Colleague: 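First the structure, which I've put down as structure tokens, then a few questions once you've had a look.
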Amino acid sequence: MNRIPVLIVGGGLAGLASSLFLARQGVPSLLVDRHPGVSIHGRARGINHRTMEIYRAYGIADAVEAAGKPFDVEAGVARCHTLAGEWEWIFDADEPRAWPDLTAGVFCMADQNSVEPILIEAARSSGATHRFNTELVSFDADTDGVTAVIEDRASGEQEVWRADYLVAADGNRSPIRQRLGIARTGEATFMHSMNIVFRADLSVFLPRRALFWMIFNSGFAGGLVSTADPRRWQVTLSYDPAVESEKDFTVERCVQLVRAAVGREDLAVEIEGVASWTQGVGVAERYRHDRIFLAGDSAHVWPPAGALGANTGVQDAHNLAWKLAAVIHGHAGDGLLDTYEAERRPLAEALAPMIVRHQQARMSGAPEPEEMDGKVQLLGQLYGADTVFADRLDLPARAGARAPHLWLDGAGVHDLFVDEFVLLCDSAEWADAAAVQSMPVRAYRADHADGWAARYGRGAVLVRPDGYVAWRSSAPASTTLLAQALSRALAIPA
């Protein structure tokens, strides 16, 4: 029987991020993806500041930014009868992509299908194993791990693997979640959508480029987005699965739909692919079942407004990976794994209805709800507090909050948070206390940084590998106090 510490099922952003984050923390994983390769269909456009902050720490932000370059000239959402006709701008904000006072992460417009190869290569180069065209056939979980059967979809060859843990990143429909009988709260389906990817020269119709075009006429009702390839586009429209399916969207019909959306009957169109998907909302009632954890769309799903879907999935993976690594390496108690659900699920419960209201307003052209504050939703998430979002982002470091941003010799402080706890401190004595702990703690003298006093005060601040504050102290340096703080952060029984 083959053995692996972590089996990851699903090759979307949450699964691939899990693979990379675990590998960089010394935990081997096997990721199985039932698809034969990276999809050409545009999904999850827009990587927010918090996710880019994480990607910086893992050394892939530059590659992701390069992948987003084709979209740098896009902004706003337009509504029109045809692309060739007059446009009405319903969202034309020129929001700065950099928030240098809050984070080193810069918003990036890269599409999921251009980011996935970057994550795959980074994870593989760090020791992770990734298999396309490989499907989870069955699994049995017990108190000590998971026994899984996987199958190569091309050859039909099956293998049995034993994993200590399984990460279910297998999407909205999540067969794993369904097999475990985990229901979803607030579950609802808004629409069934069909994506049509095509090639055409649309440059003559584009006085400027939008992020998304909402197009409504007698022959087409849906939307249009660009891809990283300047001649490849995607239209999305709703359909009724009770009366039609993908096979009903023939090449001839798709060409007709594309021409109706653009407004030119003589447009040269080449259809490259058709795929269906469901737009809905729902949050899993629990994120953990013994040694199985839900992440990404298997744990929560909501409409795309606000670019908080796939980004939240990557951030789920970031929260979970260091905890799995700490337990697997013997540094933490099993109770630490319970904090994954305790920290991430309340956030999803709060975001789901908020994003639904945001999406409904955007689609109807109504003013967007003021409850959505991008900076707070991204950088003000709180763990273990009475509320899931901070009222302000200018508060000093506190337990359960993201570590406040600092510029350190040209780098962001979150560039430090990868595979170990970090002790940000203002004295050699605190650094000495970190050096003698039973598990690795990297000390960093940060008191020279502009903003240190206002954001961190004096003394020491212990930061988890995911960039969240575990503890702070203004007391004199103490090996014992730091050891106690680490034990609490790692859920080690007293």
Side-chain angles (χ1 to χ4, degrees), residues 1-12 14-34 123-124 126-132 134-152 157-171 174-182 284-299 313 316-345 419 439 465-466 490-493:
M1 182 183 296
N2 304 286
R3 294 186 176 273
I4 197 77
V6 181
L7 173 65
I8 302 167
V9 180
L16 293 173
S18 297
S19 179
L20 171 60
F21 300 157
L22 287 166
R24 286 291 302 275
Q25 295 177 82
V27 176
S29 67
L30 167 65
L31 185 150
V32 295
D33 183 349
R34 65 185 302 273
R124 282 176 171 168
S126 297
T129 302
H130 178 279
R131 293 192 190 178
F132 279 122
T134 305
E135 188 169 17
L136 177 70
V137 175
S138 64
F139 67 92
D140 290 301
D142 54 56
T143 56
D144 296 320
V146 179
T147 301
V149 178
I150 62 173
E151 180 177 286
D152 184 305
E157 181 180 352
Q158 293 188 346
E159 297 175 359
V160 180
W161 284 80
R162 179 68 177 174
D164 296 324
Y165 298 96
L166 186 153
V167 175
D170 53 340
S174 184
I176 295 174
R177 186 191 66 241
Q178 294 183 38
R179 159 78 186 277
L180 295 174
I182 299 176
E285 290 184 339
R286 61 184 190 276
Y287 281 16
R288 180 182 186 183
H289 179 91
D290 294 330
R291 291 185 174 231
I292 300 174
F293 298 86
L294 308 184
D297 284 356
S298 69
D316 289 341
H318 195 226
N319 181 287
L320 177 60
W322 78 267
K323 296 172 180 178
L324 284 171
V327 173
I328 290 169
H329 291 320
H331 297 312
D334 180 77
L336 178 64
L337 299 177
D338 289 331
T339 68
Y340 167 62
E341 176 179 322
E343 292 179 348
R344 297 301 296 175
R345 188 175 180 280
D419 54 357
M439 73 165 293
D466 63 350
L490 294 167
I492 298 174

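Heavy atoms only: backbone and side chains are in, while hydrogens, waters and symmetry mates are out. Computed from a predicted model, the values in this text were never measured in an experiment.
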Colleague: Can you list the residues that meet the side-chain hydrogen bond (donor to acceptor under 3.5 Å, both in side chains) rule with D338, with sequence neighbours excluded?
Modeller: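 Counting only residues at least two positions away or on another chain, D338 forms a side-chain hydrogen bond (donor to acceptor under 3.5 Å, both in side chains) with R288.
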
Colleague: Between T147 and R162, is there a side-chain donor-acceptor contact under 3.5 Å, judged purely by atom types and distance?
Modeller: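 Distance-only check passes for R162 and T147.
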
Colleague: Quick one: side-chain hydrogen bond (donor to acceptor under 3.5 Å, both in side chains) partners of S174, sequence neighbours excluded?
Modeller: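 Per chain and number, S174 pairs via side-chain hydrogen bond (donor to acceptor under 3.5 Å, both in side chains) with D170.
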
Colleague: Can you measure from CD (E343) to CG (N319) and round to the nearest 0.5 angstrom?
Modeller: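 CG of N319 is found 5.0 Å from CD of E343.
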
Colleague: Do the side chains of E285 and R177 get close enough for a salt bridge, i.e. N-O under 4.0 angstrom?
Modeller: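 No.
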
Colleague: When you look at L337 and F293, which way does the side-chain contact (heavy atoms from CB on, under 4.5 Å) test go after all the steps?
Modeller: CA-CA 9 Å; L337 299 177; F293 298 86; 3.8 Å; yes

Colleague: List the steps and the verdict of side-chain contact (heavy atoms from CB on, under 4.5 Å) for V167 and I292.
Modeller: CA-CA 6 Å; V167 175; I292 300 174; over 6 Å; no

Colleague: Let me confirm one number: the CD-CD distance from E135 to Q158, rounded to the nearest 0.5 Å.
Modeller: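 Going from the CD atom of E135 to the CD atom of Q158 covers 10.0 Å.
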
Colleague: What are the two closest heavy atoms between L31 and G10, and how far apart are they?
Modeller: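 Scanning both residues, the minimum pair turns out to be CD1-O, 3.6 Å.
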
Colleague: Does the pair I8 and Y165 meet the rule for a side-chain contact (heavy atoms from CB on, under 4.5 Å), with working shown?
Modeller: CA-CA 9 Å; I8 302 167; Y165 298 96; over 6 Å; no

Colleague: State whether D419 and R24 are salt-bridged, where the test is any N-O pair (Lys NZ or Arg NE/NH1/NH2 against Asp/Glu carboxylate O) under 4.0 Å.
Modeller: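 So D419 does not pair with R24 through a salt bridge.
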
Colleague: Is it true that D334 and R291 have a side-chain N and a carboxylate O under 4.0 angstrom from each other?
Modeller: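 Not counted as a salt bridge, because no side-chain N and carboxylate O are separated by less than 4.0 Å.
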
Colleague: Rounded to the nearest 0.5 Å, what's the gap from OG1 on T339 to CG on L320? Could you check?
Modeller: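 The OG1 atom of T339 sits 9.0 Å away from the CG atom of L320.
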
Colleague: Identify, with sequence neighbours excluded, every residue that meets side-chain hydrogen bond (donor to acceptor under 3.5 Å, both in side chains) alongside R3.
Modeller: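 Scan of R3 (side-chain hydrogen bond (donor to acceptor under 3.5 Å, both in side chains), adjacent residues dropped) gives none.
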
Colleague: Measuring from atom CZ of R124 to atom CG of L16, what distance do you get when rounded to the nearest 0.5 angstrom?
Modeller: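 Between atom CZ of R124 and atom CG of L16 there are 9.5 Å.
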
Colleague: Using the side-chain contact (heavy atoms from CB on, under 4.5 Å) rule, take L294 and I182 through it: C-alpha gap first, then chi angles, then the decisive distance, then the call.
Modeller: CA-CA 10 Å; L294 308 184; I182 299 176; 4.1 Å; yes

Colleague: Do Y340 and Y287 make the cut of ring centroids closer than 6.0 angstrom?
Modeller: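 Yes, the ring centres sit under 6.0 Å apart.
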
